[in-house]
Protein chains: 2
Amino acid sequence: MIDFKELLKEHGIPPSLQRIKILEYLHDFNTHPTADVIYQALMNEMPTLSKTTVYNTLKAFAEKGVIVELSLFENEVRYEYNTTPHIHFKCIKCNIIYDISESFECLKNKEIEGHKVLEHHIYLKGICKNCRDSEE
Amino acid sequence: MIDFKELLKEHGIPPSLQRIKILEYLHDFNTHPTADVIYQALMNEMPTLSKTTVYNTLKAFAEKGVIVELSLFENEVRYEYNTTPHIHFKCIKCNIIYDISESFECLKNKEIEGHKVLEHHIYLKGICKNCRDSEE
DNA sequence: TTTCATACTTGTAACGATTACAAAATTGTA
DNA sequence: TACAATTTTGTAATCGTTACAAGTATGAAA
């Protein structure tokens, strides 16, 4: 059982109920939700929750490195709890986004054509294992 | 001198003046403009041009493979004329987006954790050659 | 060349994700 | 307990994009 209150403090974020709940959601569901998905999910529990709070909180979390902000291919920002290096795979059939632990650390701090690489984002598209299996 | 009219026909797109001008722009400036940037640029020449036309045209071009649609990290769609395999590097200082010809064809049709990879998109961030040089 | 159906373009209105902002509520601390 | 600072809230605004309907242009058939 993770102490999310402590986790937030360690990152210099004063833990409020809203912040704890949002972080808890990101941890428990470990998917790649949008701000709106999180907002909808927490509405039951916290009827007065404001969408603005969700947006502000997620942005703050990402800035402090508590979570990761993703811009995949649908023109909406998504967030995830998993901050370890990994890449993303999106299935074009079922639209599920998978984390792939394969890392490309070789790219880190590499120099390409004189440019210094600080971050790399890799996004794969294709057909996932499940969809391939059920195709047969 | 490229015959853009012919190029469009070859891709099954009836060439109108608007379409030719938009394609010409993408070719001549070979950057990664948004629909709005293209719209602003062509306004002088074609005062009656509609933004809807620009959006529709770009989407059609991308579907037929005349150009490439990019979703980089700013939550707006960008387009480019360069359809050859390459990756993108964005400088965090000057915000310029560079094409890097280094390709990762090794990823093509690869199988990762049972998933079949059909497309891969690689996006690097860092400090570009120019900005590094001028830092000294 | 004229006619006409089809396809293209235009402009406005609407949409969805996100942000700005000010007021209300909460918090930690003195 | 009191108060200043921070957080949350709700509404309105913004920005990129799309829907839609009306107007315009096009190209093939007569």
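None of the values given here were measured: they were computed from a predicted structure. Note on naming: letters A, B, ... go to the chains in the order of the sequence lines (proteins, then strands), and numbering restarts at 1 for each one.
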B:Lys5 bridged to B:Glu10 by N-O distance under 4.0 Å: no

A:Lys21 bridged to A:Glu45 by N-O distance under 4.0 Å: yes

Base versus backbone protein contacts along nucleotides 13-22 of chain D [heavy-atom cut-off under 4.0 Å; B, S, -]: ---SBBBB--

Single hit among A:Phe61, A:Tyr79, A:Tyr81 for ring pair (Phe, Tyr, Trp, His ring centres under 6.0 Å) with A:His27: A:Tyr81

Distance check needed: [N] [atom2] versus [X] [atom1], whole Å only.
X       : N      : atom1 : atom2 : answer
A:Leu58 : C:dT19 : CG    : C1'   : 14 Å
A:Lys21 : D:dT8  : NZ    : C1'   : 17 Å
A:Ile20 : D:dT7  : CD1   : P     : 13 Å
A:Gln40 : C:dG16 : CD    : P     : 12 Å
A:Lys5  : C:dT27 : NZ    : P     : 10 Å

Close N or O pairs between protein and nucleotides 25-28 of chain D (under 3.5 Å):
none

A:Asp99: partners by side chain to side chain contact (heavy atoms under 4.5 Å, CB included), with sequence neighbours left out: A:His32, A:Glu80, A:Asn82, A:His86, A:His88

Any side-chain N or O of [X] less than 4.0 Å from the OP1 or OP2 oxygen of [N]?
X       : N      : answer
A:Thr48 : D:dT9  : yes
A:Gln18 : C:dT26 : no
A:Thr53 : D:dT9  : yes

